[in-house]
Amino acid sequence: MSDTASTAATATATATATASSTTTEASPITKTTVVGRWADEPDDVVEEPEATSTSSATDGIVLDSLAIDESKKVNNFLDDPEDANIQAVTSGETPYTSAVRFEDLNLSPELLKGLYVEMKFERPSKIQSISLPMILTPPFKNLIAQAHNGSGKTTCFVLGMLSRVDPKLGVPQALCICPTRELAIQNMEVLLKMGKFTGITSELGLPADKANYMPISKRAPITAQVIIGTPGTINKWIAAKKLGTSQLKILVFDEADHMLAEGGFKEDSVRIMKEIVRWSPKCQVLLFSATFNENVKAFVSKIVKDLFKQEYNQLFVKKEELSLDSVKQYKVNLPDELSKILVIKDKIMELGQKVGQTIIFVKTRKSAGMLHDALSGYGYEVTTIQGALTQEDRDKIVKEFKDGLTQVLISTDVLARGFDQAQVNLVVNYDLPIRHDHQSEPDHEVYLHRIGRAGRFGRKGAVFNLLCGERDNMIMEKIERHFNHYVTEVTSWTDDEQFEDALKKAGLM
DNA sequence: AAAAAAT
């Protein structure tokens with residue numbers, strides 16, 4: 001806990017943990033047509049009895065400069081109840097004012113046009129209004145930013161990259177590293193759309209499949225201004241001197257906690273950082289994710305501090321406030337593994353299709369295939385994605401799902417993070433996510449990312465966790481405790497009405 | 001008894 005705030009200035013202020021936004025209770029924003037506007041978490045239920053006598057001292061929200069502004073009523077970081085659950089820790093003297101409109105950000109007319117015309121955004125979301133001034137105000141400080149799933153983080157760093165690039169300079173100036181091929185592609189799609197009128201050039205840094213393979217030595221040096229890719233390929237390009245790092249102005253890690261986690265992509269990511277800091281010591285670093293557990297948070301802060309030797313800002317959300325209130329979570333106890341398949345066949349397939357698209361998460365590639373075969377055998381149409389498929393197949397299956405041609409997608413954790421499809425209203429955990437070093441412990445972060453595939457941008461959603469046996473129940477309980485979020489039980493797995501009811505209560509029917 | 005990236 002005490003680790004992170006070490007470099008920051010130290011005037012503490014608390015965020016009011018008890019949300020006071022009870023005004024719009026009658027008409028929560030449930031429309032699936034919400035565009036580019038933070039529909040926001042509904043007002044809070046009165047759960048936790050005493051757990052919230054927040055110890056301000058340990059939370060360390062430091063709003064040194066902001067506090068000054070506050071007296072002038074310039075910023076609304078603290079006044080706005082909407083922002084109460086994002087904690088800002090700023091360093092140094094730079095004052096920031098949260099952006100009420102995109103016009104407040106000194107963006108180029110081309111970029112504004114992209115936001116309004118192409119993206120159809122209206123106003124910055126919460127994380128956007130807070131983080132964009134931090135990203136775009138000189139001196140360009142590094143930023144470690146946590147925000148809820150589906151709250152618009154991608155826009156923050158894509159806008160950051162697009163506005164830092166000098167269009168006249170035909171060399172790589174912005175680099176974004178992602179954990180999966182799918183996420184890199186998705187981020188590139190956002191970049192192309194948002195940057196449509198800027199003329200800024202970009203390229204994906206992904207491994208080529210066999211058909212398009214070209215030895216790295218024969219490749220021409222990269223001249224695109226923005227590169228988005230996966231760590232292996234980016235490292236390869238840098239090592240082969242095909243990707244110059246001397247003009248880089250901004251470096252982004254999407255899903256940064258995973259990118260810097262032990263057993264994740266830590267080594268690759270650190271290598272990229274070291275190479276870049278060597279040639280572009282003033283390069284701005286942005287680390288974004290919905291999750292930063294205490295371990296990773298400590299490491300991430302340390303590496304940013306040690307390597308880049310610059311001031312950095314931080315935005316964090318308490319884990320108890322990370323579950324989306326718009327996504328209703330359920331658990332179903334089942335007598336055996338076979339009934340998991342039956343419950344999906346009899347309940348999920350029927351009901352799920354009525355309320356939108358569904359993603360079913362499984363633990364292994366093998367169980368993905370087994371479930372797929374079983375459901376196909378029953379005559380249902382499902383598609384499956386996992387990392388062992390060819391790149392071509394992966395792209396095709398994602399595209400079909402995004403185009404709405406398929407309704408139910410079985411996936412390993414390859415899509416657990418970042419995958420953005422507004423029509424996904426239902427997530428099923430066929431297996432609960434568990435830590436691979438301690439099989440009896442849940443992987444809290446993966447759980448949160450998985451359920452965050454539903455309820456994008458304030459939309460309604462539901463999650464069914466399929467439990468089988470004492471161990472599953474224990475893991476579920478640990479997850480509930482960790483996020484301080486009760487998961488409702490569907491008591492009879494054979495009762496149609498209970499499932500229908502659950503979806504109704506989730507606001508989906 | 002592990003996902004993913006990539007060699």
Side-chain angles (χ1 to χ4, degrees), chain A residues 175-188 204-217 219 227-240 242-243 253-273 289 291 296 337 359-372 384-395 397-398 409-419 427 429-453 468-469 471-472 475:
Chain A
L175 178 58
C176 172
I177 319 286
C178 315
T180 62
R181 167 186 187 82
E182 283 69 24
L183 201 46
I185 292 171
Q186 181 178 286
N187 287 338
M188 180 57 85
L204 277 169
L206 298 175
D209 51 18
K210 287 194 188 91
N212 305 322
Y213 179 78
M214 187 197 285
I216 184 80
S217 56
R219 272 211 62 136
I227 318 294
I228 302 179
T230 44
T233 301
I234 298 298
N235 258 322
K236 200 169 124 187
W237 285 7
I238 293 176
K242 298 294 179 182
L243 173 53
F253 285 89
D254 194 7
E255 307 298 341
D257 63 324
H258 188 230
M259 299 309 291
L260 286 159
E262 212 80 60
F265 295 97
K266 186 174 167 182
E267 288 74 22
D268 278 337
S269 298
V270 169
R271 194 169 144 202
I272 292 171
M273 282 184 170
S289 182
T291 52
V296 181
E337 289 290 321
I359 300 182
I360 304 172
F361 282 107
V362 295
K363 189 171 54 174
T364 65
R365 295 167 174 182
K366 208 170 133 194
S367 50
M370 274 162 40
L371 181 60
H372 181 106
T384 300
I385 185 165
Q386 39 99 341
L389 300 181
T390 65
Q391 285 152 11
E392 200 185 357
D393 284 346
R394 287 169 65 163
D395 293 350
I397 285 160
V398 166
L409 179 60
I410 301 169
S411 175
T412 58
D413 282 328
V414 65
L415 292 192
R417 284 171 175 264
F419 184 70
V427 165
N429 279 324
Y430 183 85
D431 303 300
L432 288 175
I434 50 166
R435 285 176 54 165
H436 300 107
D437 47 348
H438 301 110
Q439 300 258 323
S440 59
E441 293 297 316
D443 190 323
H444 299 294
E445 284 72 35
V446 171
Y447 180 82
L448 197 91
H449 285 281
R450 281 184 180 184
I451 70 173
R453 292 323 97 212
C468 179
R471 186 172 143 276
D472 281 357
I475 290 172

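Within every chain, numbering begins at 1; the chains are lettered A, B, ... in the order of the sequence lines, protein sequences first and strands thereafter. From a predicted model like this one, the values you see are computed outputs, not experimental measurements.
- For the pair A/H449/A/T291, a side-chain contact is recorded, criterion being any heavy-atom separation below 4.5 Å from C-beta on.
- Remark: A/A240 pairs with A/I216, A/K242 by the side-chain contact (heavy atoms from CB on, under 4.5 Å) rule, at least two apart or across chains.
- Legend: residues meeting salt bridge (Lys or Arg N to Asp or Glu O under 4.0 Å) with A/R435, ordered by chain and number and at least two apart, are A/D437.
- Under the rule for a side-chain contact (heavy atoms from CB on, under 4.5 Å), the partners of A/D431 that lie at least two apart in sequence or sit in another chain are A/K340, A/V362, A/K363, A/S367.
- Among the protein residues, A/P231 comes within range of no part of the nucleic acid, since none of its heavy atoms lies under 4.0 Å from any strand.
- Protein chain A contacts DNA chain B from B/dA2 to B/dT7, reading 5' to 3' and using non-hydrogen atoms of the protein with a distance under 4.0 Å.
- Using a 4.5 Å cut-off on side-chain heavy atoms (C-beta onward), A/I185 and A/V398 make no contact.
- For DNA chain B, the residues of residues 433-446 of chain A within the heavy-atom distance limit of 4.0 Å (strictly under) are A/H436, sorted by number.
- Within 4.0 Å (heavy atoms only), A/K366 reaches no atom of the nucleic acid at all.
- Side-chain atoms of A/P442 and A/Y447, non-hydrogen and from C-beta on, never get closer than 4.5 Å to each other.
- For the pair A/D257 and A/R417, the salt-bridge criterion is met [side-chain N within less than 4.0 Å of a carboxylate O].
- Taking the side-chain contact (heavy atoms from CB on, under 4.5 Å) definition, one finds that A/T180 meets it with A/E182, A/L183, A/V414, sequence neighbours left out.
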